[in-house]
Amino acid sequence: MYPDVEFYKNKLLNFHLYIIMDTDDCTAEQRIRFINKDMFKKHWLYDYIIPIYNSPNLESTMKKIDMPVENKKDYITIFPINNTTSTNNDDINELCNKLERCDKKITNIGKYFKACLDISKENRVL
């Protein structure tokens, strides 16, 4: 039991499970089954799963929105993880908007960023 997770009539409320995958790590069939959720049909959290994909990978997605990513270590400049580097709300909103506008054949990661941004606003993290 998780006390912060609300439920009603055995259904979780306001709960989503985002699963992120780079599609260069799988076969064409696995990619299709991931994106359309067939891969998760028998999972008990099926109704809550939201597949998030990058085709072929997150690095190419970031390049499409003009974010300079050559390798994994470059992400620290985009997604700071400590207090020595700060990112302001405008930067975060701009990144989220760019990702949401990306071609859905390439990615839907903007959906995940928007959800994170909404949660942070609700909890006054930003």
CD/E100: more than 12 non-hydrogen atoms of other groups inside 6.0 Å = yes
key: K63 to V69 - nearest heavy-atom pair and separation   = CE-O, 2.9 Å
inquiry  = I'd like to know if the side chain of N108 reaches the main chain of K104, judged simply by a donor and an acceptor atom lying under 3.5 Å from each other, with no hydrogens or angles considered.
reply    = no
query = How many angstroms lie between atom CG of L58 and atom OG1 of T23, to the nearest 0.5 angstrom?
reply = 11.5 Å
task = Identify the two heavy atoms, one from G110 and one from C96, that lie closest to each other, and give their separation to 0.1 Å.
result = O-SG, 4.4 Å
ask   = Does M21 share a hydrophobic cluster with I106, counting links as ILVMFWY side-chain heavy atoms below 4.5 Å and allowing steps through other members?
value = no
query = From K114 NZ over to I119 CD1, what is the distance, rounded to the nearest 0.5 angstrom?
reply = 10.5 Å
ask   = Should K98 and E94 count as an ion pair when the cut-off is N to O under 4.0 Å?
value = yes
ask   = If you group Ile, Leu, Val, Met, Phe, Trp and Tyr by side-chain heavy-atom gaps below 4.5 Å, do I65 and I52 land in one group?
value = yes
key: Heavy-atom closest contact (L95 atom, M62 atom, distance)   = CD1-CE, 4.0 Å
request  = Could you pull out the closest heavy-atom pair between S55 and S60, with the gap in Å?
outcome  = O-OG, 3.8 Å
task = Report the hydrophobic cluster partners of L13, with the cluster defined as I, L, V, M, F, W, Y residues connected by side-chain heavy atoms closer than 4.5 angstrom, directly or transitively.
result = Y8
message = Grouping I, L, V, M, F, W and Y whenever their side-chain heavy atoms are under 4.5 Å apart, do F40 and I32 come out in a common cluster?
response = no
ask   = Can you tell me how far the CG atom of L12 sits from the CG atom of L45, to the nearest 0.5 Å?
value = 7.0 Å
inquiry  = Under the criterion side-chain contact (heavy atoms from CB on, under 4.5 Å), I'd like the reasoning laid out for H43 against Y48: C-alpha separation, chi angles, the key distance, then a yes or no.
reply    = CA-CA 10 Å; H43 196 281; Y48 308 101; over 6 Å; no
request  = Keeping to residues at least two apart or across chains, list the salt bridge (charged side-chain N to carboxylate O under 4.0 Å, His left out) pairs with something in residues 19-38.
outcome  = D38-K41
inquiry  = Salt bridge check, K64 against D103: does any charged N sit closer than 4.0 Å to a carboxylate O?
reply    = no
Shortest non-hydrogen separation from A115 to Y18 and the atoms involved = CB-OH, 3.1 Å
query = After noting the C-alpha distance and the side-chain angles of I19 and F34, does the key distance pass the side-chain contact (heavy atoms from CB on, under 4.5 Å) rule?
reply = CA-CA 9 Å; I19 301 174; F34 177 82; 3.7 Å; yes
ask   = Less than 4.5 Å apart, any side-chain heavy atom of L117 and any of F113?
value = no
ask   = Can you tell me how far the OG1 atom of T61 sits from the CE atom of M67, to the nearest 0.5 Å?
value = 12.5 Å
I49 reachable from I35 in the ILVMFWY side-chain graph, under 4.5 Å edges = yes
request  = Write down the atom of Y53, the atom of T107, and the distance for their closest heavy-atom approach.
outcome  = O-OG1, 2.8 Å
inquiry  = Using 0.5 Å steps for rounding, measure from the CG atom of L99 to the CG atom of N54.
reply    = 8.5 Å
